[in-house]
Amino acid sequence: MKKVLILDGSTRKMGNTSILIQHFTKGAEKNTTQIEHVLAKNLDIKYCNGCLRCNLIKRCSIRGDDWEELSQKINEADVLVFASPIYFHYVTAPLKNIIDRFRSFVHVQITETGLIHTPWKNWNKDFVLLLSMGSSDDSDAQPVIDLFEYMKDVLGDNNRLHVIKGTRLAVIKQVQKTEDELKELYPKLRLNEKLAEDDFKKNQKILKKCYELGEALTAKE
Ligand SMILES: Cc1cc2nc3c(=O)[nH]c(=O)nc-3n(C[C@H](O)[C@H](O)[C@H](O)COP(=O)(O)O)c2cc1C
């Protein structure tokens, strides 16, 4: 049975990101009971202090926070989900804090032409990005996608990346609002009411994609 770990960068309770996660989880539940959802802001994760001792000791040297337990769960997961609202073209601070501690999963060698990263363990995982953003186009998510394209390669030869982006989602629970609710909302946001019909369909498609990806990634090989 596949193990799923969801690292949730939400700062708002039951916002759009949470709804994307819910749908992904429902799909995954068809195939597995091993799904863990971790809200990053509730964890005690100290900032990476840049000591780089991980390069020698093959683990993070910081002790006395939740990283040791979390890093074990990360190592064991087959499907690693990073879910976040886009904040200033990036993931939220609690999730970024966790990502910085990923430094301890790789050996880094400085060369004359750049850095060579070698993972301590050659992971074979599905990385999933569930991203929610207010902007009407998805370019604000690109820095996060670029990072994960790189991360999945640095952490092993066989990792795969799957990305789902929800755009024009500024208001809480907007992704699951009905067409009528969107029609009522859009003038308040100074958006053309005519967008509501297509946006409703777009949002439904996104939620379906989350469900289907959750199901597909947990299916037996
Ligand atoms: C501090 C802050 C920064 C944001 N920065 C961006 C941004 O750079 N690009 C964007 O498209 N949306 C941005 N947004 C909008 C959120 O990404 C959007 O409302 C998202 O759907 C919120 O997700 P949630 O409902 O899960 O909280 C920002 C929101 C906040 C509060």
Side-chain angles (χ1 to χ4, degrees), residues 4-29 35-43 45 47 70 79-100 127-151 161-214 217:
V4 179
L5 180 66
I6 302 168
L7 302 172
D8 180 355
S10 295
T11 58
R12 183 156 80 162
K13 229 179 184 177
M14 271 319 288
N16 297 298
T17 311
S18 306
I19 296 164
L20 300 184
I21 292 171
Q22 263 183 1
H23 282 74
F24 182 92
T25 304
K26 270 195 197 136
E29 277 169 354
I35 304 169
E36 187 158 358
H37 176 201
V38 172
L39 191 57
K41 72 172 185 176
N42 286 350
L43 292 181
I45 299 287
Y47 299 137
L70 183 66
V79 181
L80 204 46
V81 181
F82 296 80
S84 183
I86 294 294
Y87 276 10
F88 292 104
H89 300 207
Y90 223 69
V91 296
T92 59
L95 194 54
K96 175 65 165 70
N97 197 21
I98 289 176
I99 291 170
D100 284 351
F127 282 65
V128 178
L129 285 177
L130 301 180
L131 303 173
S132 170
M133 69 207 90
S135 173
S136 295
D137 79 72
D138 60 9
S139 58
D140 286 5
Q142 201 53 48
V144 179
I145 297 167
D146 290 345
L147 168 72
F148 276 88
E149 286 286 359
Y150 161 82
M151 285 266 279
L161 179 64
H162 315 266
V163 183
I164 296 183
K165 297 170 270 186
T167 51
R168 197 145 57 219
L169 300 173
V171 172
I172 195 152
K173 296 188 181 177
Q174 194 172 340
V175 71
Q176 66 176 20
K177 285 194 186 297
T178 63
E179 192 179 327
D180 285 344
E181 285 170 333
L182 291 181
K183 276 186 180 154
E184 202 187 318
L185 172 70
Y186 277 14
K188 292 180 197 156
L189 300 177
R190 297 189 187 167
L191 281 171
N192 191 332
E193 198 186 303
K194 285 184 190 154
L195 291 169
E197 191 182 337
D198 281 352
D199 277 6
F200 172 69
K201 286 182 197 148
K202 165 188 77 89
N203 294 342
Q204 291 293 302
K205 257 191 211 161
I206 289 166
L207 297 180
K208 189 165 175 262
K209 249 173 104 177
C210 288
Y211 179 93
E212 287 172 354
L213 187 62
L217 295 184

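Just so you know, ligand 1 is whichever comes first in the structure, and atom 1 is the first atom listed for that ligand. Heavy atoms only: backbone and side chains are in, while hydrogens, waters and symmetry mates are out.
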Please confirm whether Pro85 comes within less than 3.5 Å of ligand 1 when only nitrogen or oxygen atoms on both sides are compared.
-> no
Can you tell me which residue and heavy atom of the protein come closest to atom 27 (O) of ligand 1, and the distance to 0.1 Å?
-> Arg12 NE, 3.1 Å
Give, for atom CE of Met14 and atom CD of Gln176, the distance between the pair rounded to the nearest 0.5 Å.
-> 5.5 Å
Nearest neighbour in protein (non-hydrogen) for atom 8 (O) of ligand 1 = His89 N, 3.0 Å
In terms of its nearest heavy atom to atom 12 (N) of ligand 1, the top option of Gly134, Ser18, Ala170, Ser10 is Gly134
Please report the shortest heavy-atom distance between Asp100 and Lys96, naming the atom on each side.
-> OD1-NZ, 2.6 Å
Only counting residues at least two apart or in another chain, list the ones meeting side chain to side chain donor-acceptor pair (under 3.5 Å) with Thr178.
-> Glu181
All side chain to side chain donor-acceptor pair (under 3.5 Å) counterparts of Tyr47, not counting sequence neighbours = none
Taking atom CD of Glu184 as the centre, report whether more than 12 heavy atoms of other residues, nucleotides or ligands fall under 6.0 Å from it.
-> no
May I ask you to identify the nearest protein heavy atom to atom 24 (P) of ligand 1, giving residue, atom name and distance to one decimal place in Å?
-> Asn16 N, 3.5 Å
Work out which heavy atom in Tyr186 is nearest to a heavy atom in Asn192; give both atom names and the distance.
-> CD2-O, 3.6 Å
With atoms numbered from 1 as shown, which atoms in ligand 1 lie under 4.0 angstrom from a non-hydrogen atom of Phe88?
-> 1 (C), 3 (C), 4 (C), 5 (N), 6 (C), 7 (C), 8 (O)
Output yes when the distance from some N or O of ligand 1 to some N or O of Ser135 is under 3.5 Å, and no in every other case.
-> yes
May I ask you to check if ligand 1 and Leu169 share an N or O to N or O distance below 3.5 Å?
-> yes
Quick one: pull up CE in Met151 and CG in Leu161 and give me the separation to the nearest 0.5 Å.
-> 10.5 Å
Where is the nearest protein heavy atom to atom 30 (C) of ligand 1: which residue, which atom, and how far?
-> Tyr87 CE1, 3.4 Å
Could you tell me whether ligand 1 has any atom less than 4.0 Å away from a heavy atom of Ile172?
-> no
Name the closest protein heavy atom to atom 14 (N) of ligand 1, giving the residue it belongs to and the distance to 0.1 Å.
-> Ile86 O, 3.2 Å
Give the residue and atom name of whichever protein heavy atom lies nearest to atom 26 (O) of ligand 1, and the separation in Å to one decimal.
-> Thr17 OG1, 2.6 Å
Does the Thr92 side chain pair with the main chain of Gly9, one donor and one acceptor, at a distance under 3.5 Å?
-> yes
In this structure, CG of Leu20 is separated from CG of Leu213 (nearest 0.5 Å) by 11.5 Å
Residue Asp140 vicinity, atoms of ligand 1 by number, heavy atom under 4.0 Å = 7 (C), 8 (O), 9 (N), 10 (C), 11 (O)
